[in-house]
Amino acid sequence: MVFSSRIYAALVGLAFVAATNAIDADLSVRASDPCAAIGGKKWVAPKDVRACYSSIRVDQNIKTNIIDVVNKTLAFHTSVNYEIKAPEPFTSEVHEDLLADLARIRRQSYASDYDLHIDLSRTLKRLNDGHCVWINNCYDSLFVNYLPTPLALLTEADGTQNVHIAPEAFTVATAEFPDQIDVWQNALPGPLKGKLESFSGAKVLLLNGRNPFDAVGDNALITGSFQGLGTRQNAFFSSYQRAAGGWNYIMGNFAQQSLPLSDFAILTVQRVNHTIPDTIVLPYRSRFGATSQNFTDTASYRANNCVAIAGTNGEDLSSASSNRGIPSSLPVAKFQQQPPIPAQTARKELINVMLDTSPLSDVVLPPTLQPGLTPVTGSRTVAQFYTLKDGKTGVLALGSFSDSDFTAFLNSLLQGLLSLKAAGATQLIVDVSNNGGGFICAAHWLHRIIAGPKDTTVPQAGLATAARDGPLAQLIVKQIIGANADPDVQLLYNPLQWTNASNVPFAATDDWLQPPVRKIINGRADAFSQRLGSECPPEGFPSTPPDVALFDPKKVVIVSNGRCASSCSLFSITMAKEEGSKTVVVGGKKDVPQKYCGTVGGQSTDFSTIDTEVKTTHLKNNTLAPPDLLVNGVQGITWRLAFGVDDPANPEEWQDHPADLNLPLTSKLVNNPVAIWEDVVARLLA
Ligand SMILES: *[C@@H]1O[C@H](CO)[C@@H](O)[C@H](O)[C@H]1NC(C)=O
Ligand SMILES: *[C@@H]1O[C@H](CO)[C@@H](O)[C@H](O)[C@H]1NC(C)=O
Ligand SMILES: *[C@@H]1O[C@H](CO)[C@@H](O)[C@H](O)[C@H]1NC(C)=O
Ligand SMILES: *[C@@H]1O[C@H](CO)[C@@H](O)[C@H](O)[C@H]1NC(C)=O
Ligand SMILES: *[C@@H]1O[C@H](CO)[C@@H](O)[C@H](O)[C@H]1NC(C)=O
């Protein structure tokens, strides 16, 4: 089915009218200051947000500053040269020459600062690496663009797959957008006006006049975060996540955009129990971000949201004034895909976590879809334990590897597994849907207490790693060991934080970056540290782990929508490849290989942390040191990269992670965790 261009043009016109009628902007204010037109408003039209963003000209000093910070921070990112052309099976997915593109961006002129931001942001997103992301609070999720119709990829009894409006779409939208739902109700044409609910579950025949999978593919090119194509396709669709405070709903990239990219969607759908298709135009609406700072005009928009704040840059930990200006939570925390953790914990614990331009969702999973089972003792925040009706399957729903309290979290993981066993569970499902990582040692701990003591878990359940060994990193280590620049052992580069490949701790004076391990990667000379060993000393664990396996790892199934990253990848990979646990991806397109995780890394960090290393070792004046960032931005990196299980000489990042099963979603299963777990049992654990 194809639109005539006349009908299409009419629909586009309709969409503009719908969007324009929905706002009450004072036109004279908008003409003089496009940011004043949206200041102080909760809901606005995306084109008015764009008008504000696009009115900001490029400031050459700021442009140069951002590129310098990003470029010089990348010297600490382990994967720059690998990402120029990733090995198979990721070659077609990751082929970004970041340094060449930064040079291009430096030369290129832009109509506005917003256009520059989009280019820079997408350039980094092309790495499809959730650790190495550029985020600017001035634009990313300042306003969030929404539709009331999240989508799902559903499979029919005969195996055919279609894009649908999620069956729960109207329930989610009315709960989350009570003050905006009328705008969408009134946007529906003629007799359909007010009947948004009747579109829940509808099959999407065309999206903007094209096959819906064209839009899925377009989005996969710009969404970033995961190397696997299937995983980036899945980002378009709705999903769920166990969050610290409850069960959350992820709208997906169709129904939620972190930038005001789209004004409307034209959907040709077949509603449930209808045979004749309907075509509707739904306007996107932009909602002011939950943590965005109020403004009234361009000047206050810029001052409150766009300039560096406390924690944007690092600090000299040796100076008396250090810690004074540091907020309880660091700016980078807003975009880390884990629950908020105190800044002190974030500094103390090793963390491997994904960044995203959308902060963690706080949309609620409809109560009818939330697990109705009673969580057993040990359940806490992002970790909920249940026993299924069969009496033999325990479930750990684990939305993150982080918690506000490291010790209490690890203890609760042990307590929860013991409770499941006491209740008679002999097999285990671990649901890590949308688990973006967190504490590295929580991942090791969970693997160790499930699988028991053995050569894959003692002295550690993790993977060996290496850091990048660039010239400024080498100088940082020399300052620490030669000039005692880090007497309280707070810096990443302090040898006292690490062990060598035989798991022997380094001495205070060991120059662990010497000699560099030189490699040629994609034709470029690169250098890495020696291999590092065990990073979670047994005395760092809150209690003695049991001396037997709590579950047979072969009776453990790890379930997700593929969006399991960082510490979640470290856990899933070691469980699958070393212990024989099974992996399931739910809802993937059946002709695309589904990966059970991605963005492995080894340890992630960000510009502000590297800047603290530089400042504390008094190297800020070095020409290789990134300058202080002038804008309210965040640049993430992979600081240590893990070596592989099957090929220990090369990074695990580029080794394959194929799921054992791609579980097809039906209208009964989609976004219903218990129904999914029961289906997984029937297929893999019965
Ligand atoms: C990035 O840094 C390198 C090394 O300092 C430098 O040679 C290169 O010109 C920089 N590129 C850009 C785009 O700033
Ligand atoms: C569709 O028809 C079936 C069978 O009559 C009925 O059970 C179901 O409730 C209908 N669904 C909707 C959304 O109307
Ligand atoms: C922003 O404005 C809203 C509505 O005017 C108000 O409720 C809120 O407290 C303000 N937030 C801040 C941080 O000033
Ligand atoms: C680790 O350090 C110990 C003590 O210095 C040394 O005996 C061992 O050879 C080192 N292992 C490696 C792999 O360098
Ligand atoms: C950088 O160099 C300037 C001029 O030599 C000096 O005044 C300043 O203290 C130095 N700053 C640092 C952080 O070393």
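Counting starts at 1 for both ligands and their atoms, following the listed order.
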Work out which heavy atom in Ala75 is nearest to a heavy atom in Arg468; give both atom names and the distance. O-NH1, 3.3 Å
Distance filter under 4.0 Å to Asn500 heavy atoms, resulting ligand 4 atoms: 1 (C), 2 (O), 3 (C), 8 (C), 10 (C), 11 (N), 12 (C), 14 (O)
Below 30° counts as parallel, above 60° as perpendicular, anything between as tilted: where do the rings of Phe177 and Trp184 land? perpendicular
Salt bridge (Lys or Arg N to Asp or Glu O under 4.0 Å) test vs Lys478 passes for just one of Asp510, Asp486, Asp511, namely Asp511
Determine whether Asp68 and Lys63 satisfy the following criterion, salt bridge (charged side-chain N to carboxylate O under 4.0 Å, His left out), listing intermediate values before the conclusion. CA-CA 9 Å; Asp68 277 350; Lys63 180 182 172 188; over 6 Å; no
Under 4.0 Å from atom 7 (O) of ligand 4, is there at least one protein heavy atom? no
Nearest to atom 9 (O) of ligand 4, what protein heavy atom do you find, and at what distance? Ser502 OG, 4.4 Å
Quick test: of every protein heavy atom, which one is nearest to atom 4 (C) of ligand 4, and how far off is it to 0.1 Å? Val504 CG1, 3.9 Å
Any N or O on Arg106 sitting closer than 3.5 Å to an N or O of ligand 1? yes
Determine whether any protein heavy atom is located less than 4.0 Å from atom 14 (O) of ligand 2. yes
Name of the residue among Arg126, Lys85, Arg104, Arg524 meeting side-chain hydrogen bond (donor to acceptor under 3.5 Å, both in side chains) with Asp97: Arg524
Quick one: nearest non-hydrogen protein atom to atom 1 (C) of ligand 2, plus distance? Asn273 ND2, 1.4 Å
Once the angle between the rings of Tyr493 and Phe76 is folded into 0 to 90°, is it parallel (under 30°), tilted (30 to 60°) or perpendicular (over 60°)? perpendicular
Side-chain donor-acceptor contact under 3.5 Å, Arg448 with Thr457: no
Please state whether the rings of Phe90 and Trp654 are parallel, tilted or perpendicular, taking 30° and 60° as the class boundaries. perpendicular
For atom 11 (N) of ligand 2, is the nearest protein heavy atom under 4.0 Å away? yes
Out of Leu99, Leu472, Asn71, indicate the one that has the non-hydrogen atom closest to atom 2 (O) of ligand 1. Asn71
Contact atoms of ligand 1, heavy-atom distance to Leu102 under 4.0 Å: 13 (C)
Nearest non-hydrogen protein atom, atom 5 (O) of ligand 1: Leu624 CD2, 4.5 Å
Numbered atoms and elements of ligand 1 in range of Ala103, under 4.0 angstrom, heavy atoms: 13 (C)
